[in-house]
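Note sheet for the following structure.
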Amino acid sequence: MPTQADKETLNLLQGTLDLLILQTLATGRAHGHAIAHSIERRSDDVLQVGHGSLYPALQRLLKLGLIRAEDGTSENNRRARFYQLTPKGRGQLYAETSRWERFSAAMARILAPENT
Amino acid sequence: MFGWQSRRQQLLDEFEAHIELETQENIARGMTPEQALRVARKRFGNALVAAEDAHTVWGGVWLERLLQDVRYAVRSLRSVPAYTITLMGTLALGLGCVATMLAIVDSVLLRPIALSHPEQLVRIWGEGSPDGYHSSDFALSYPAVDELRHSDASLAGVASYNVMVRPVTAQDGTRITPIANCSLNLPGMLGLSPRLGRIFTPADSGASVVLVGDGFWRERLHADPHAIGTTIHLFGRPRTIIGVLPAGTPFPQDSGSEFVFVPLELNGKGEDEFGFDSTDMIGRLKPGASKQQALAEAQRLFQNMAKTPAERQRRLVLRSYQETLTGDLRKPLWTLLAGVGALLLIACANAANLQIGRATNRLGEISIRAALGASFGRILQQLITESLLVSFTAASLAASVAFFAIRLLRHAYGADYTRFDELSLHPGVLLATVFLAALMGLVATVAPAVRLRRQVLRPSGARGSARSSRLPGILVSLQIAITCVLLVVSGLLTRTLHSLAEVKLGFDPHDVSTLVLMPEDQTQSPQLSRDLEGRLLERFGTLPGVEGVTTQSSVPFSSFNVGLNGRTDVEGHVYREGETANYTLVSTNFLKVSRIPLIAGRNFSKADESSAGIVVLVNEAFLKAFLPDRNPLGTILRFHRNPGETDADQPVAGDMTVIGVVGNELQGGALDSPYQPLVYLDFEQFPQQSMLSQIFNMSAQYAIRSALPLPVLDRELRAAIKQDAPSMVEMSLKPMAQGVEDSLGQRRLALRLVTGFSSVALLLSAGGIYGVLAYAVALRRREIGIRMALGSSRSETAALVLRQAVWMVAFGLIPGMAGAWISGHAIRSFLYGVRSLDAPTVAQVAVLLFAVTILAAALPTLRAVQVDPAETLRSE
């Protein structure tokens with residue numbers, strides 16, 4: 001059975017993964033492989049169990065209506081599914097980002113040296 | 001389902017595309033194609049888990065998994081048919097018995113009877129038999145019932161009724177028919193609505209009207225739709241039918257449809273038309289009024305109106321009407337339900353053991369599934385699904401078993417026991433069965449699953465570790481304990497029936513038949529009745545093949561007795577309040593026909609009939625109660641008089657002289673009742689002016705000793721009656737031994753059911769012992785082989801297996817015997833001639849259980865001694 005601490009880590013990772021996906025898609029549409037690589041470049045932890053774990057997260061975001069998927073052709077001329085942000089997803093990303101910025105600004109103030 | 005398949009396929013395609021892209025990038029980095037693919041796959045991780053997780057996001061996954069589990073369960077159960085059949089058979093047997101018993105309890109005891117608001121209907125009566133002449137032991141005096149009717153605290157309505165049989169003349173002739181002589185408000189209070197005509201109204205007071213039951217209407221009036229307004233004759237009086245009651249009216253008995261309802265009329269002396277001064281009562285509680293409250297009020301009321309100390313002390317009893325209908329069935333049925341509950345426990349233990357065995361065999365399969373990423377919860381869910389699948393199949397099998405069993409019981413016993421004609425399987429019972437099945441399935445899975453978890457989580461290589469578990473052995477001991485209880489109970493019942501069959505009846509019922517005759521005109525003069533009775537006695541006596549014939553106002557085990565229970569003064573004995581003796585009117589031939597021995601003095605003689613002094617015979621029980629250590633002959637008996645009572649209030653006003661003492665005979669209808677003090681009078685000597693003479697004239701019971709076949713005797717008697725006493729109506733001839741046998745019916749049925757349950761229990765337990773031992777031997781094959789290779793002999797090996805069997809039984813017998821003792825105590829009211837802890841029964845049961853254990857252990861033992869040590873060593 002996963003312990004309580006495990007669960008919290010999982011939730012945190014899940015939230016982070018969702019945010020990372022949204023952010024990746026902010027620059028335009030992408031397929032799973034591209035998203036996986038983009039995320040890997042930015043975080044070592046989130047996809048530690050393998051690229052496969054990206055897909056349940058994509059399904060979750062699809063279900064929430066934050067992203068949508070369409071069929072297309074990949075760079076090697078294969079059929080692939082491309083994901084892109086919906087307006088709702090964009091709003092969510094904005095909200096999350098600004099919340100994070102407020103939070104980190106607050107943290108920065110707390111941690112900043114007294115004399116500034 | 002729900003497009004999952006295509007979505008899943010799309011997802012898997014996407015995975016493939018992902019891995020392919022990754023592979024190409026790897027090749028571009030300079031890997032070989034194989035290496036590139038391997039690294040790509042590794043980087044992707046567990047695709048199936050990813051798909052599963054994605055699947056969870058879509059929702060409805062539980063249903064998908066359930067279907068998957070069901071498919072998987074069906075497949076895996078089909079691969080082990082022996083296990084599946086044994087498990088389902090065990091469960092279906094246990095559940096079938098439980099469902100049948102539940103259906104009986106539900107139909108007979110729980111289901112409300114077909115009267116409006118039956119829970120409000122109650123009966124009140126006094127403890128102990130009432131005084132004087134009465135139609136039932138539950139009778140209260142008419143003034144007492146009136147008193148209840150007029151106090152309007154808790155009871156919304158009070159009605160009275162007396163039940164009897166009387167000749168009723170319709171167009172098809174005169175036949176003896178059940179009658180309810182009831183107050184006018186009775187049908188209305190019960191909430192009956194007639195199928196034809198109307199019910200009584202207050203305006204019917206004094207009118208010659210009757211209501212008839214549906215059965216009477218069909219049988220005697222040929223279901224005539226114009227029956228309303230026609231006339232039937234009863235008690236020498238024409239009466240107009242004003243209504244027909246609906247079929248299935250559960251009053252005054254569970255099926256009252258043969259009855260004729262006659263409105264009550266009281267004369268100046270406070271007696272009804274049939275000479276009774278007391279009556280049964282039924283009342284309806286006001287909504288919200290409690291039974292305790294109603295009883296307390298009635299008790300107060302009776303104390304206020306009581307005249308004698310005995311009346312003041314008399315305790316009242318209040319029961320719901322439904323309870324009085326099914327009263328004598330309540331305890332036996334609940335007890336039998338407890339019995340099948342025990343049986344179900346045995347079946348459950350067997351099921352658990354079977355599943356433990358199977359789970360251990362599946363250890364490998366389950367370990368692999370766990371290694372492939374199945375969580376313990378997921379495996380448990382799968383096991384539970386399989387178990388529930390078995391349970392529900394077993395439940396539907398059980399329901400069909402119960403359905404047929406109930407039909408069989410309804411046909412076989414519908415006419416014999418209260419409400420058995422209403423037996424049926426209601427949805428509630430089916431639901432309960434399914435619930436029990438599910439519960440059994442869950443309980444029987446949890447134990448093996450917990451063990452599985454322990455073993456799956458354990459590092460590999462722990463083969464044979466299941467041996468260390470004590471659970472299967474404990475379950476078998478539990479089965480043995482319960483089986484022991486059931487067997488002891490059925491042994492006690494068997495002994496009870498044997499003891500009852502050996503009860504000294506006092507009379508000899510073999511070759512004696514009884515016949516009830518009633519004058520068509522119930523008001524005919526006592527002299528005429530007596531003349532007819534004498535004439536018939538003489539005529540019957542001369543019939544070829546008839547050894548002897550007597551009249552008897554109360555015949556043992558007959559339902560047509562006219563009882564006289566009188567407070568009696570005995571010369572030389574100080575009267576104590578409430579001392580009574582039973583009086584029976586017989587004819588001179590009585591001792592010869594009944595074969596009751598004359599112990600002292602002399603029998604009645606012809607000369608007594610014309611002499612003025614009344615002479616009586618008394619039995620040994622009378623002697624013991626009233627005249628211990630005294631010469632009874634010549635003792636004078638008198639009916640006890642309360643202050644103010646005159647000759648007219650006495651059944652017999654004068655002195656009665658004891659001329660002889662006879663052996664005890666068992667009166668009443670139960671073999672386990674004690675002998676009552678009895679006084680026999682010659683019916684010819686019974687004073688004609690007595691207030692009871694009219695009552696004794698209303699019916700006569702004959703006991704005829706003859707070796708003739710019943711149909712022949714019946715024909716001859718009918719012919720004689722037709723010739724000599726055409727105005728007498730007869731009821732069918734019945735062998736006396738039949739009456740005695742019928743009184744055992746309920747006990748026989750109970751014994752049959754308990755024996756059935758305990759046989760099933762024994763069978764299941766034997767299966768349980770066999771299963772556990774066979775399994776243990778299979779697990780210990782290696783160990784046994786090594787032991788034998790090291791020099792252990794075959795008998796030592798056999799002892800190894802048998803020792804385990806004997807321990808399981810011994811551990812079961814200890815709680816089993818304690819349970820048997822408690823159960824014996826709980827059913828002691830059904831027992832007779834055997835104590836609730838009967839050492840011989842317990843010993844027999846123990847021997848039987850050991851014998852069955854040895855039988856069940858035979859095959860596994862044989863298998864153990866046939867283990868080939870060489871083979872074992874080779875495989876090591």
Side-chain angles (χ1 to χ4, degrees), chain A residues 1-3 6-7 10-11 13-15 17-18 21 24-25 29-41 43-84, chain B residues 2-4 6-29 33 36-61 370 373-381 449-450 453-454 456-457:
Chain A
M1 282 284 157
T3 62
D6 286 345
K7 266 187 195 156
L10 193 75
N11 284 340
L13 282 179
Q14 216 164 54
L17 183 57
D18 289 0
I21 293 171
T24 307
L25 294 179
R29 65 175 213 169
H31 54 63
H33 184 251
I35 299 172
H37 278 269
S38 160
I39 289 174
E40 228 170 15
R41 275 197 297 280
S43 156
D44 293 335
D45 275 348
V46 190
L47 287 183
Q48 60 184 349
V49 287
H51 290 178
S53 56
L54 170 70
Y55 288 88
L58 284 171
Q59 295 295 334
R60 191 165 50 243
L61 294 174
L62 274 173
K63 197 178 175 197
L64 290 172
L66 299 181
I67 58 176
R68 63 168 180 269
E70 58 195 13
D71 287 331
T73 317
S74 67
E75 48 268 48
N76 60 347
N77 264 340
R78 284 286 304 258
R79 283 189 61 234
R81 265 171 91 68
F82 285 85
Y83 298 90
Q84 67 184 86
Chain B
F2 305 126
W4 285 330
S6 65
R7 271 168 96 170
R8 194 179 165 84
Q9 194 52 52
Q10 191 179 42
L11 196 64
L12 292 177
D13 287 346
E14 212 176 335
F15 290 176
E16 274 311 305
H18 183 121
I19 291 167
E20 203 179 300
L21 272 175
E22 187 74 26
T23 310
Q24 282 174 0
E25 281 182 15
N26 287 343
I27 291 172
R29 283 198 203 102
L37 183 63
R38 203 175 62 242
V39 171
R41 281 202 190 286
K42 194 170 174 204
R43 198 150 185 212
F44 192 81
N46 192 332
L48 286 177
V49 170
E52 253 332 84
D53 285 350
H55 208 147
T56 318
V57 173
W58 299 338
V61 67
S375 65
F376 177 70
R378 189 74 191 81
I379 291 174
L380 187 64
Q381 186 185 341
V450 168
R453 175 169 162 77
R454 221 180 294 140
V456 168
L457 295 183

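We use all heavy atoms of the structure for the numbers below, so side chains are in, but hydrogens, waters and symmetry mates are not. Just so it is clear: chains get the letters A, B, ... in the order the sequence lines come, proteins before strands, and each one is counted from 1.
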- request: Just say parallel, tilted or perpendicular for the rings of A:Tyr55 and B:Phe15, cut-offs at 30° and 60°.
  value: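 Rings of A:Tyr55 and B:Phe15: perpendicular, over 60°.
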- prompt: When B:His18 is tested against each of A:His33, A:His51, A:His31 for side chain to side chain donor-acceptor pair (under 3.5 Å), which residue passes?
  reply: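 Exactly one candidate clears the test, A:His51.
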query: What part of B:Leu11 lies closer than 4.5 angstrom to a heavy atom of chain A: side chain, backbone, both or neither?
result: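 Side chain only.
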query: Looking at B:Ile19, B:Val49, B:Leu21, which has the largest count of heavy-atom pairs under 4.5 Å with chain A?
result: B:Leu21
- request: List the atom of B:Ala50, the atom of A:Pro56, and the distance in Å for their closest heavy-atom pair.
  value: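 The answer is O-CG, 3.4 Å.
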- prompt: If you measure from CG on A:Asp71 to CD on B:Gln10, what distance do you get to the nearest 0.5 Å?
  reply: 6.0 Å
